[in-house]
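Note sheet for the following structure.
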Amino acid sequence: QRLVSGMLARGYQREFAERIYQQILGFGEYGFPESHSASFALLVYVSSWIKRHEPAAFLAALLNSQPMGFYAPSQLVQDARRHGVEVLPVDAAASDWDCALEAVESHERATPSPYPSPPTGGEGITRRPAVRLGLRMISGFSEATAQRVIAARRERPFDSIEDMARRSQLNRRDLKLLAAAGALQPLAEHRRRAHWEVAGVERATPLLGDAPVRETDPVLAAPTEGEDLVADYASLGLTLGRHPLSLLRPRLARMRLATAAELRGLPHGRPARAAGIVIGRQRPDTASGVIFVTLEDETGSVNVIVWRDLADRQRQELLGSRLLGVHGTLEREGAVVHLIAKRLVDHSELLGALQTSSRDFH
């Protein structure tokens with residue numbers, strides 16, 4: 001009424017005004033979905049192009065934009081590494097606040113990649129960008145503190161943890177966070193030594209001034225692979241070591257639980273079992289109570305469909321598991337593979353102290 005009245009007041013005929021209103025009304029029925037799909041298609045194309053031709057830059061940009069979207073940093077890093085992107089650890093002597101690109105040289109790719117080969121730096125030498133994880137990845141570490149570390153590092157390299165603490169004005173909490181993340185490895189052999197040296201850092205006293213305190217170095221065994229893995233997940237939410245299920249694979253194999261890669265090779269309709277770390281649960285309003293679960297193992301991801309009746313019967317396993325086993329039937333449509341769940345098993349106890357998280361959407 002407001003539109004038509006305004007047009008009549010400005011000399012337009014009612015018939016014309018009504019026709020204009022009907023055209024606007026009609027556009028509202030399809031115009032937004034059309035423009036939305038067009039803009040989304042452009043975003044998908046641009047994102048796909050960047051991931052195809054500049055995969056390291058794509059990963060760094062996604063990590064610097066967290067939190068966002070469905071996939072957590074661990075899944076983004078796992079996928080990028082499977083596609084040949086080298087990821088370097090957080091390093092107090094090298095990392096900026098943001099994740100950044102860093103040139104590396106190697107004689108061959110550690111993982112076959114579908115991406116085009118970048119320019120080579122000589123016979124048999126490949127030069128390509130790697131992603132250096134930024135200090136932003138350390139849980140609880142502030143940007144202001146990181147900038148002090150970076151500024152002090154620009155003046156001259158750190159020669160010890162105590163030197164870094166003094167020149168960067170780091171307190172005990174800051175140092176513990178860096179040690180827990182493995183970011184002090186260039187200044188200490190491993191996490192245990194880093195924690196030991198952090199514990200020995202003292203503020204300057206009137207008697208000692210800035211003189212460092214020297215004491216006999218203890219002999220400390222390096223952490224086990226499992227201990228490092230647990231520490232990585234607790235501090236960074238990801239690991240650059242082996243995937244947790246790589247360590248559990250012999251036991252999972254004895255339980256006849258297939259990997260994601262093995263599932264991809266099975267035919268449609270084949271009974272199958274798999275297990276993975278739960279990285280996402282979705283229950284769209286339009287799915288009639290169906291819940292979609294994404295599992296991750298060392299070879300990729302498994303898409304699981306849980307029908308409403310099973311979800312109601314095994315709600316505790318579905319919502320409470322961190323490591324979920326699924327017994328079901330494989331469904332294949334072209335390259336798309338789903339595991340239709342018939343039974344759910346909670347294997348979370350196998351993860352021990354490992355901290356994992358799932359991104360759940362309702």
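This is a predicted model, so every value here is computed, not measured.
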>> Would you say Leu59 ends up clustered with Tyr71 if hydrophobic residues are merged whenever their side chains have heavy atoms under 4.5 Å apart, either directly or through other cluster members?
In response: yes

>> When you measure from the side chain of Arg136 to the backbone of Glu143, do you find a donor-acceptor pair of N or O atoms at a distance under 3.5 Å?
In response: no

>> If the condition is ring-ring contact (aromatic ring centres under 6.0 Å, His included), which residues does Phe16 pass it with, not counting sequence neighbours?
In response: Tyr12

> Which salt bridge (charged side-chain N to carboxylate O under 4.0 Å, His left out) pairs, counting each pair once, include a residue from residues 224-242, with sequence neighbours left out?
Replying inline: Arg191-Asp228, Arg191-Asp232, Arg192-Glu227, Glu225-Arg242

> Looking at Ile138 and Ala183, what are the two nearest heavy atoms and their distance?
Replying inline: CD1-CB, 4.3 Å

> Is a salt bridge present between Asp309 and Arg313, judged by a nitrogen-to-oxygen distance below 4.0 Å?
Replying inline: yes

>> One pair to check against side-chain contact (heavy atoms from CB on, under 4.5 Å): Leu63 and Val77. What are the steps and the verdict?
In response: CA-CA 9 Å; Leu63 293 176; Val77 169; 4.2 Å; yes

> Does Ile277 belong to the same Ile/Leu/Val/Met/Phe/Trp/Tyr cluster as Leu344, with side-chain heavy atoms less than 4.5 Å apart forming each link?
Replying inline: no

> Going by heavy atoms in the side chains, are Leu184 and Met164 under 4.5 Å from each other?
Replying inline: yes

> Applying the 4.5 Å side-chain criterion to the ILVMFWY set and letting contacts propagate, would Leu323 and Leu238 be lumped into a single cluster?
Replying inline: no

> CD of Gln185: more than 12 outside heavy atoms within 6.0 angstrom?
Replying inline: no

> When clusters are formed by joining ILVMFWY residues with side-chain heavy atoms under 4.5 Å apart, either directly or through shared neighbours, do Leu324 and Leu245 land in the same one?
Replying inline: no

> Taking everything shown except Gln23 itself, do over 12 heavy atoms lie less than 6.0 Å from its CD?
Replying inline: yes

> With a cut-off of 6.0 Å (strictly less than), are more than 12 heavy atoms of other residues, nucleotides or ligands near CD of Gln22?
Replying inline: yes

>> Can you give me the closest heavy-atom contact between Leu263 and Ala258, atom names plus distance?
In response: CD2-CB, 4.2 Å

>> Whether the side chain of Arg322 engages the backbone of Leu351 through a donor-acceptor N/O pair (distance < 3.5 Å, no angle test) should be reported.
In response: no

>> Glu298 and side-chain hydrogen bond (donor to acceptor under 3.5 Å, both in side chains): which single residue from Arg82, Gln78, Arg249 fits?
In response: Arg249

>> Around atom CD of Gln13, are there more than 12 heavy atoms from other residues, nucleotides or ligands closer than 6.0 Å?
In response: no

> Has the side chain of Arg148 got a donor or acceptor atom that lies under 3.5 Å from a matching backbone atom of Ser168?
Replying inline: yes

> Given a cutoff of under 4.5 Å between side-chain heavy atoms of I, L, V, M, F, W and Y, with clusters grown through shared members, what are the other residues clustered with Val345?
Replying inline: none

> For His195, which residues count as a side chain to side chain donor-acceptor pair (under 3.5 Å) partner, sequence neighbours excluded?
Replying inline: none

> Using a side-chain heavy atom cutoff under 4.5 Å and only I, L, V, M, F, W and Y, what cluster partners does Val44 have?
Replying inline: Phe40

>> Checking Leu133 against Leu240 for the side-chain contact (heavy atoms from CB on, under 4.5 Å) test, could you report, in this order, the C-alpha distance in whole Å, the side-chain angles of both residues, the deciding distance, and whether it holds?
In response: CA-CA 10 Å; Leu133 296 181; Leu240 298 184; 4.2 Å; yes

> Hey, is the main chain of Ala72 close enough, under 3.5 Å, to the side chain of Gln75 for a donor-acceptor pair?
Replying inline: yes

>> Between Arg343 and Glu317 (salt bridge meaning N to carboxylate O under 4.0 Å), is one present in this structure?
In response: no

> Quick one: does Ser235's side chain have a donor or acceptor within less than 3.5 Å of a partner on Ala231's backbone?
Replying inline: no

> Judged by atom type as modelled, is there a donor-acceptor pair below 3.5 Å linking the side chain of Arg173 to the main-chain atoms of Gly140?
Replying inline: yes

> Is a donor on one side and an acceptor on the other found under 3.5 Å between the side chain of Arg132 and the backbone of Pro89?
Replying inline: yes

> If two hydrophobic side chains count as joined below 4.5 Å and joins carry through other members, does Met7 share a cluster with Phe27?
Replying inline: no

> Which atom names give the shortest non-hydrogen contact between Ala152 and Arg167, and what distance separates them?
Replying inline: O-NH1, 2.8 Å

> Would you say the side-chain atoms of Arg264 pair up with the backbone N or O of Gly300, donor to acceptor, closer than 3.5 Å?
Replying inline: no

> What pair of heavy atoms forms the shortest contact from Arg153 to Phe158, and how long is it?
Replying inline: N-CZ, 3.7 Å

> Between the main-chain N or O of Ile279 and the side-chain N or O of Thr294, is there a donor-acceptor pair closer than 3.5 Å?
Replying inline: no

>> Which residues pass the ring-ring contact (aromatic ring centres under 6.0 Å, His included) test with His268, not counting sequence neighbours?
In response: none

>> Between Asn64 (side chain only) and Cys99 (backbone N and O only), is there a donor and an acceptor less than 3.5 Å apart?
In response: yes

>> Applying side-chain contact (heavy atoms from CB on, under 4.5 Å) to His347 and Leu252, what does each step give before you reach the verdict?
In response: CA-CA 10 Å; His347 294 299; Leu252 296 176; 5.5 Å; no

